[in-house]
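Here is the structure we will look at.
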Amino acid sequence: MTKIGIILGSTRPGRNGEAVAKWVYELAKQRTDAEYELVDLLDYKLPHLDEIVPPSMGQYSQPHTLEWAQKIASFDGFIMVTPEYNHSTSGALKNAIDFLFAEWNNKAVGFVSYGSVGGARAVENLRLIAGELRMADVRSQVALSLHHDFENYSVLKPSPFQEAALHTTLDQVVEWSRALAPLRATA
């Protein structure tokens, strides 16, 4: 069974991302095309990147890196839930991505973002990073507007069309995750 990790990419107290990630997970787990798991960065307590050797060498030495690598390696693809901070993704998500290399390779990734312009600029930034990590980013994405998809900028109330956008994104991530399986098998 294809396994998709839904990564909650914010660790900020009072984060909107928790409600967004739970919404994604609740809809995803109703599907039968893959196994879905919610991965909260708060559960991994990653400090600022503290590995001596670059991640592309695969010589991890810190216990937190080894735990994170094992978790990410267990997935075939990902949905990254990201806020937009200063025209980019969160520092916590960028740092978590930067800890690893091979564990991201030949896997699909889709994005669910939120912010004043739906988090679109954060996703553009993540697409550049995905290319460097040899990930296949899917075309479809969900962009939740703080103005239209949240009540008082803090209570998630997605517009009706957002659920369809999420299912399209999940469809594409699952399809690409399966298509990339032969590459992962020979890596």
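For residues 118-130, the side chain to side chain donor-acceptor pair (under 3.5 Å) pairs, not counting sequence neighbours, are Glu84-Arg121, His87-Arg121, Ser88-Asn125, Arg127-Asp137, Arg127-Gln141.
For Ser177, there are no side chain to side chain donor-acceptor pair (under 3.5 Å) partners at least two apart in sequence or on another chain. For Asp43, there are no salt bridge (Lys or Arg N to Asp or Glu O under 4.0 Å) partners at least two apart in sequence or on another chain. The side chain to side chain contact (heavy atoms under 4.5 Å, CB included) search around Arg184 returns Asp76, Asn106, Lys107, Leu180, Ala181, not counting sequence neighbours. Qualifying side chain to side chain contact (heavy atoms under 4.5 Å, CB included) partners for Pro182, counting only residues two or more places apart in sequence or in other chains: none. Partners of Glu18 by salt bridge (Lys or Arg N to Asp or Glu O under 4.0 Å), not counting sequence neighbours, listed by chain and number: Arg15, Lys22. By the ring-ring contact (aromatic ring centres under 6.0 Å, His included) test, Tyr153 pairs with His147, sequence neighbours left out. Glu51 is linked by a salt bridge (Lys or Arg N to Asp or Glu O under 4.0 Å) to nothing, counting only residues two or more places apart in sequence or in another chain. Contacts of Phe111 classified as ring-ring contact (aromatic ring centres under 6.0 Å, His included), with partners at least two apart in sequence or in another chain: none. For Ala34, the side chain to side chain contact (heavy atoms under 4.5 Å, CB included) test picks out Thr2, Ile4, Tyr36, Val174, with sequence neighbours left out. For Asn105, the side chain to side chain contact (heavy atoms under 4.5 Å, CB included) partners at least two apart in sequence or on another chain are Phe101, Ala102, Arg134.
With hydrogens and angles disregarded, no donor-acceptor distance shorter than 3.5 Å links the side chain of Ser159 to the backbone of Asp149. In terms of modelled atom types and a separation under 3.5 Å, the side chain of Ser90 and the main chain of Gly9 share a donor-acceptor contact. A side-chain donor-acceptor contact under 3.5 Å links Asp40 to the backbone of Leu42. Side-chain atoms of Tyr114 come within 3.5 Å of backbone atoms of Gly17 as a donor-acceptor pair (strictly under, hydrogens ignored).
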### Task
May I have the step-by-step check of side chain to side chain contact (heavy atoms under 4.5 Å, CB included) for Phe78 and Trp104, ending in yes or no?
CA-CA 9 Å; Phe78 305 95; Trp104 301 113; 3.7 Å; yes
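Under a hydrophobic clustering in which Ile, Leu, Val, Met, Phe, Trp and Tyr are joined whenever their side-chain heavy atoms come within less than 4.5 Å, directly or via other members, Ile79 and Ile72 fall into different clusters. Under the 4.5 Å side-chain heavy-atom criterion for Ile, Leu, Val, Met, Phe, Trp and Tyr, Trp23 and Leu146 are members of the same hydrophobic cluster. One hydrophobic cluster holds both Leu144 and Leu38 under the rule that ILVMFWY side chains link at heavy-atom gaps under 4.5 Å. The cluster map of Ile, Leu, Val, Met, Phe, Trp and Tyr, joined by side-chain heavy atoms under 4.5 Å apart, puts Val138 and Leu27 in the same cluster. Hydrophobic cluster membership differs between Val173 and Leu126, with clusters built from Ile, Leu, Val, Met, Phe, Trp and Tyr side chains linked at under 4.5 angstrom.
The structure places CE of Met57 at 13.5 Å from CD1 of Ile52, a figure rounded to the nearest 0.5 Å. The distance from the CD atom of Gln62 to the CZ atom of Phe99 is 8.0 Å, given to the nearest 0.5 Å. From Tyr44, atom OH reaches atom CD1 of Ile7 across 9.5 Å, with rounding to the nearest 0.5 Å. Summarising the geometry, atom CD belonging to Glu67 is positioned 11.0 Å from atom NZ belonging to Lys45; distances are rounded to the nearest 0.5 Å. Note that the CG atom of Leu93 and the CD1 atom of Ile129 stand 7.5 Å from one another [nearest 0.5 Å]. The line from CD of Gln70 to OG1 of Thr65 is 13.0 Å long, rounded to the nearest 0.5 Å.
Inter-residue side-chain proximity for Val123 and Val112 is flagged as unmet; no heavy-atom pair is nearer than 4.5 Å. By the 4.5 Å heavy-atom criterion applied to side chains, Ile6 and Val81 are counted as neighbours. Taking the side chain as every heavy atom from C-beta outward, Phe75 and Glu37 approach each other to under 4.5 Å. Side-chain contact between Lys71 and Leu100 is absent, with no heavy-atom pair separated by less than 4.5 Å. By the 4.5 Å heavy-atom criterion applied to side chains, Thr168 and Gln172 are counted as neighbours. Taking 4.5 Å as the limit, every side-chain heavy atom of Pro158 sits out of range of all side-chain heavy atoms of Glu163. Taking 4.5 Å as the limit, some side-chain heavy atom of Tyr60 sits within range of a side-chain heavy atom of Glu103. Between Met80 and Thr82, every side-chain heavy-atom pair lies at or beyond the 4.5 Å cut-off.
Through side-chain heavy atoms spaced under 4.5 Å, either directly or across other Ile, Leu, Val, Met, Phe, Trp or Tyr residues, Val117 is tied to no other residue.
Of the charged side-chain nitrogens involved, at least one lies within less than 4.0 Å of a carboxylate oxygen, so that Arg31 and Asp171 count as a salt-bridged pair.
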